[in-house]
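This report refers to the structure that appears directly beneath it.
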Amino acid sequence: MSRYNHREVEPKWRDKWARADLYRALSPTEAKDKPKAYVLEMFPYPSGRIHVGHSRNYTMGDVIARFRRAMGFNVLHPMGWDAFGLPAENAAMERKVHPREWTYANIAAMRDQLKLLGLAIDWSREIATCDPAYYKHQQAMFLAFWKKGLVYRKKQKVNWDPVDNTVLANEQVVDGKGWRSGAPVETRELEQWMFRVTAYADDLLDAIETLNKWPDKVRLMQANWIGKSQGANIWWQIAEAPSFLPQLAEGERSHARDPIPVFTTRPDTLFGASFLALAPDHPLTKAIAEHRPDVAAFVAECAQLGTSEAEIEKAEKKGIDLGVRVRHPFDPDWILPVYAANFVLSTYGSGAIFGSPAGDQRDLDFARKYNLPVTPVVLPPGADAATHAIDKVAYTEHGTIYNSRFLDGLSTRDAIKRAIQELVKLGRGEATTQYRLRDWGVSRQRYWGCPIPAIHCAKCGVVPVPEKDLPVALPDDATFDKPGNPLEHHPTWKHVSCPQCGGKATRETDTLDTFVDSSWYYARFTDPWNETKPFDKEAANYWLPVNQYVGGVEHAVLHLLYSRFFTRGMRDCGLLDLPSGEPFAALFTQGMVVHETYKSAAGQWLLPEETEVKDGARIDLATGKPVDVGAIEKMSKSKKNVVDLDAFVTDFGADVARWFVLSDSPPERDVEWTEGGVQGAWRFVQRVWTLVEDHGRAAPKPGEAPPPGAGEGDALALRQLAHRTVKGITDDIESFRFNVAVAKCYELVNAIAKAKDTNNAGLMFARGEALKLLTQLIAPFMPHLAEECWEKLGFEPFVSSAPWPVADPALAATNVVTLPIQVNGKRRGEIEVAKGAPENEVREKALADAAVAAFLSGQTIRKVIVVPDRIVNIVVG
RNA sequence: GCGGACGUGGCGAAACCGGUAGACGCAACGGACUUAAAAUCCGUUUCUCGCAAGGGAGUGCGGGUUCAAGUCCCGCCGUCCGCACCA
């Protein structure tokens with residue numbers, strides 16, 4: 001008997017699959033009646049090398065893809081590269097290699113590694129977003145979105161790194177400093193290209209309800225991110241203003257003298273108002289700061305204040321009286337002061353609030369500090385109007401309105417409606433909806449991204465690049481030796497003539513945020529060869545939406561939201577139909593692979609293979625000194641707690657890696673990579689192979705019938721287990737319970753190993769059948785091993801192209817069930833009865849059971865509960 | 001602060017609709033085979049009382065509903081995640 005040799009077997013089958021072109025997705029015409037299944041894992045950024053931690057995501061997608069293929073679906077399971085991005089430029093700066101070279105070298109290495117995993121991928125559809133053949137369509141799409149009004153330009157505040165001369169994403173600002181330069185980040189107003197995501201705010205929110213195959217958690221996060229609030233805009237008339245602000249003549253309008261708009265969700269509390277507060281960078285605050293040094297100082301102080309969690313927690317509510325007075329919308333004689341306050345955000349609503357201290361904790365803190373009136377207007381349910389008072393804690397819940405003139409006695413809900421009615425009647429306000437969601441700023445001052453196809457002309461303004469001139473390709477000869485945008489520094493690239501007037505003009509040197517690249521790649525996969533269009537409309541209509549998307553929860557908001565925006569944009573530009581507008585019908589967010597971290601005595605991170613366990617303690621192989629075993633964390637290069645994929649595949653094989661990452665924990669939870677776990681998976685592979693090799697041919701010869709005895713005793717029991725397992729694993733894969741499916745495989749293998757009696761023909765037949773079914777069941781998980789077993793058992797050509805086994809209902813259903821008998825809820829015995837046995841028969845048998853009888857003697861039986869095929873409970877006392 | 005998820009043996013976990021808690025794996029222990037080790041095979045393994053048969057307790061804590069609760073309800077405690085001065 002030979003050991004299973006994965007080093008020979010795995011490459012052999014990968015080669016055979018490739019020759020047979022087994023995993024090519026069929027065109028709609030080739031597919032005929034086959035239903036389609038588009039299975040996709042979030043495509044990787046080519047950062048360097050793959051470690052076993054990355055493999056979990058692809059393995060899960062692969063299990064689904066192989067399972068669907070076996071179920072008779074026309075499967076699209078593609079792979080590509082999210083290839084633009086900052087690390088390539090950093091590498092260019094540090095190592096003097098061109099970002100393109102660095103990226104493509106990584107792609108080549110990672111492609112080879114991914115292929116080692118034996119994924120059922122249609123490699124003919126491979127794409128890289130940095131390929132002009134990809135991004136030229138993205139540029140065309142950008143122009144189409146622009147035409148449709150989904151792209152615009154706007155001055156916006158950005159994080160600016162003054163050393164690197166570039167905009168930083170929020171994630172790249174650490175403690176207020178640039179992550180690379182360490183320089184304090186400045187806020188700058190820059191002209192930015194924007195995507196009008198908010199145009200779809202309502203649809204993006206409402207459609208979340210239809211995404212019933214997405215995790216609730218992700219749906220909730222998206223809903224929170226969009227953050228819809230309904231309420232009212234109220235315009236507060238200015239009653240007094242400092243004399244230095246422009247005076248108004250009759251009928252004249254002025255920015256500084258116009259009514260101040262305020263957004264609120266609680267117009268019902270208007271009679272509790274005692275002040276207005278403006279953001280420090282509200283236009284009126286700024287206008288006043290120009291004349292009042294104390295206000296200017298306050299504004300400067302607020303600008304310095306950090307926005308980190310801890311700082312906000314500590315920050316005191318502070319403000320300054322601006323000397324402006326406004327009139328209450330419901331009573332022109334009621335005059336309220338206007339403050340600038342540090343807790344008001346300029347970026348939400350209109351950058352101004354009205355303070356109603358009894359109903360808002362911040363307003364209350366502020367009112368107490370500046371001795372402003374606190375009038376309770378909401379009476380909590382059951383509270384007494386005569387005694388209810390607000391001291392240090394605001395009452396923010398709903399209740400009954402009082403102290404509020406015409407709103408008195410209404411519920412808060414009704415009072416909101418009534419107040420808005422009144423505001424509209426008086427022309428002082430209107431009902432409105434606010435979103436937390438902002439439009440998407442996509443300008444990046446970087447080289448390694450998709451150039452924005454626009455030209456700036458002194459005469460014609462901002463002009464789109466004509467489609468015939470696409471792609472706007474990146475220049476190869478950029479230099480990376482100085483900070484800032486290489487496209488900006490390039491001596492010639494940006495100088496062009498204006499497509500409209502022919503005069504001198506310059507190219508836009510900003511490139512697109514790389515999230516744009518990944519917002520439509522799943523659509524490109526449906527027709528990646530198309531040279532004239534991003535994709536053929538019919539191909540996209542056929543394949544989309546993606547039936548199963550698999551990826552990390554870290555993309556729960558940005559990537560998934562942007563993609564949902566993009567499908568809507570593409571639809572409205574006529575590129576595809578997709579009535580739902582939803583790109584991903586089902587989403588699964590998988591957990592990470594985590595591993596212990598190791599530090600040497602000198603405090604250096606150590607790779608797992610640089611250590612060893614000796615006498616129960618982990619030691620540093622280089623020094624022999626004990627290793628500091630740290631936290632179990634997500635595998636990452638920086639902490640060196642990674643296991644390289646190539647080396648692992650050489651040592652143990654791809655199947656062991658695939659099996660292990662799915663076996664120990666539920667797929668949505670993290671799994672810890674351990675030596676022991678790996679050994680267990682390895683043992684299982686060997687065990688399956690030994691059983692198969694030992695058994696030999698299982699395929700029936702033509703005309704061969706099951707031997708007598710296959711339908712009774714141990715043989716029947718094994719066949720029943722095998723068919724039950726088929727049914728169970730089918731359900732488990734369908735519902736992403738891979739770890740449970742794995743456990744069922746172990747159970748079946750244990751049973752097969754026990755059922756060995758070569759003189760019992762019936763049992764050997766059952767054994768062969770069980771091995772065949774086992775082989776098919778493990779095929780999505782361990783395709784190489786499964787192929788080798790399939791061949792050994794005498795089947796052909798591929799288990800990977802064999803139809804998924806169907807459980808024989810007669811065998812999968814058991815005809816005898818063991819029922820536990822409880823007395824007063826405690827298990828006291830068990831009986832065996834035929835499945836579906838009538839209740840009275842079960843009752844009699846239970847009462848007659850000897851073990852049970854002992855607990856019944858001397859007691860009155862009050863009730864006997866029989867749950868058919870489940871349990872019997874006898875109530876005594 | 002707001003929102004959400006979770007809490008089960010030494011460990012990862014299972015228990016899908018309220019119906020035998022701990023499947024399966026890891027680790028540990030005992031045994032077989034072996035000159036020995038590895039590998040493999042057979043067994044034990046929630047805690048507790050007991051020689052045993054058998055009993056008692058047990059799913060973070062405290063209550064409740066039910067014939068029956070890991071599962072449902074109420075209140076705590078703890079861990080993790082998301083958002084965060086959102087008016």
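Throughout, protein chains are lettered first and strands after them, A, B, ... in sequence-line order, and every chain is numbered starting at 1.
Heavy-atom nearest nucleotides on RNA chain B were determined for A/Gly349 and for A/Val740, and the one closer to the 5' end corresponds to A/Val740. Taking for each of A/Gln679 and A/Asp731 the nucleotide of RNA chain B with the nearest heavy atom, the 5'-most of the two is the partner of A/Asp731.
Taking the P atom of each, B/rA53 and B/rG60 are spaced 30 Å apart, rounded to whole Å. Between B/rC2 and B/rC85, the two P atoms lie 15 Å apart (nearest whole Å). Rounded to whole Å, the C1' atom of B/rU59 lies 13 Å from the corresponding atom of B/rA13. If you take atom C1' in B/rA15 and the same atom in B/rU46, they sit 16 Å apart, rounded to whole Å. Rounded to a whole angstrom, the distance from the P atom of B/rU71 to that of B/rU20 is 13 Å. Atom name C1', nucleotides B/rG70 and B/rU8: the rounded distance is 7 Å, in whole Å. Rounded to the nearest Å, the gap between the P atom of B/rA14 and that of B/rC29 is 27 Å. On the C1' atoms, B/rG75 is 15 Å away from B/rU65, given to the nearest whole Å.
Salt bridge present: A/Asp202 and A/Lys228 bring a charged side-chain N and a carboxylate O closer than 4.0 Å. A salt bridge links A/Arg219 to A/Asp216: at least one charged side-chain nitrogen sits closer than 4.0 Å to a carboxylate oxygen.
Proximity of A/Lys826 to the phosphate of B/rA57: a side-chain N or O atom is located under 4.0 Å from OP1 or OP2. Close to B/rA87, at under 4.0 Å from its OP1 or OP2, lies a side-chain N or O of A/Tyr348. Considering only side-chain N and O atoms, A/Asn739 lies under 4.0 angstrom from the phosphate OP1 or OP2 of B/rA14. For B/rG56, one of the phosphate oxygens OP1 or OP2 lies less than 4.0 angstrom from a side-chain nitrogen or oxygen of A/Arg828. Taking 4.0 angstrom as the limit, A/Arg669 places none of its side-chain polar atoms (N or O) nearer than this to OP1 or OP2 of B/rC6. At least one side-chain nitrogen or oxygen of A/Asn750 sits closer than 4.0 Å to the OP1 or OP2 atom of B/rG25. A sub-4.0 Å separation between OP1 or OP2 of B/rC41 and a side-chain N or O of A/Arg687 is present.
Using a 4.0 Å heavy-atom distance criterion, A/Val262 is classed as making no nucleic acid contact.
Rounding to whole angstrom units, CD of residue A/Glu675 and P of B/rG12 are separated by 18 Å. To the nearest angstrom, P of B/rC11 lies 18 Å from CG of A/Asp670. Rounded to an integer number of Å, the gap from CG of A/Leu691 to C1' of B/rC41 is 13 Å. Between the CG atom of A/Leu662 and the P atom of B/rG12 there is a distance of 19 Å, rounded to whole Å. The nearest whole Å value for the distance from the CH2 atom in A/Trp673 to the P atom in B/rC26 is 15 Å.
Between B/rA15, B/rA23, B/rC85, one nucleotide has an atom nearer to the side chain of A/Lys317 than all others, and that is B/rC85. For A/Asp664, taking side-chain heavy atoms from C-beta onward, the closest of the listed nucleotides B/rU20, B/rA13, B/rG25 is B/rG25. You'll find that the side chain of A/Ile871 is closest to B/rG19, out of B/rA13, B/rG19, B/rC86. Of the candidates B/rC24, B/rU20, B/rC26, B/rU20 carries the atom nearest the A/Glu830 side chain, counting heavy atoms from C-beta on. Picking from B/rG19, B/rG55, B/rC16 the nucleotide with the shortest atom distance to the side chain of A/Phe855 gives B/rG55.
Nucleotide B/rA57 forms a Watson-Crick or G-U wobble pair with B/rU46, both donor-acceptor distances falling under 3.5 Å. Of the nucleotides present, B/rG31 is the one that pairs with B/rC41 by Watson-Crick or G-U wobble criteria, both distances under 3.5 Å. Pair check for B/rU65 finds none; no Watson-Crick or G-U wobble contact set falls under 3.5 Å. Pairing of B/rG7, defined by two Watson-Crick or G-U wobble distances under 3.5 Å, is identified with B/rC77.
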Quick one: what's the B/S/- string for nucleotides 62-73 of chain B, heavy-atom cutoff under 4.0 Å, read 5' to 3'?
-----BS-----

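More than 90° away from 0 lies the glycosidic angle of B/rC74, which makes this nucleotide anti. Glycosidic conformation at B/rG25 (O4'-C1'-N9-C4 for purines, O4'-C1'-N1-C2 for pyrimidines): anti, more than 90° from 0.
With hydrogens and angles left out, the side-chain atoms of A/Asn641 and A/Thr597 include no donor and acceptor closer than 3.5 Å. In this model, a donor atom of one side chain and an acceptor atom of the other lie less than 3.5 Å apart for A/Ser229 and A/Tyr348. There is no side-chain donor-acceptor pair under 3.5 Å between A/Asp363 and A/Ser356. No side-chain donor-acceptor contact under 3.5 Å links A/Arg669 and A/Asn739.
Between A/Phe366 and A/Phe275, the distance separating the two ring centers is shorter than 6.0 angstrom. Between A/Phe660 and A/Trp673, the distance separating the two ring centers is shorter than 6.0 angstrom.
Looking at residues 215-235 of chain A, you'll see A/Lys217, A/Leu220, A/Met221, A/Ser229 sit with a heavy atom under 4.0 Å from some atom of RNA chain B.
Looking at every heavy atom in both residues, A/Gly680 comes nearest to A/Tyr746 through O-OH, 3.8 Å.
Taken from CZ in A/Phe855 to CD in A/Gln822, the straight-line distance is 12.5 Å, to the nearest 0.5 Å.
Between A/Thr396 and A/Gln361 the shortest side-chain heavy-atom distance does not fall below 4.5 Å. Side-chain contact between A/Val344 and A/Tyr339 is absent, with no heavy atoms from C-beta onward closer than 4.5 Å.
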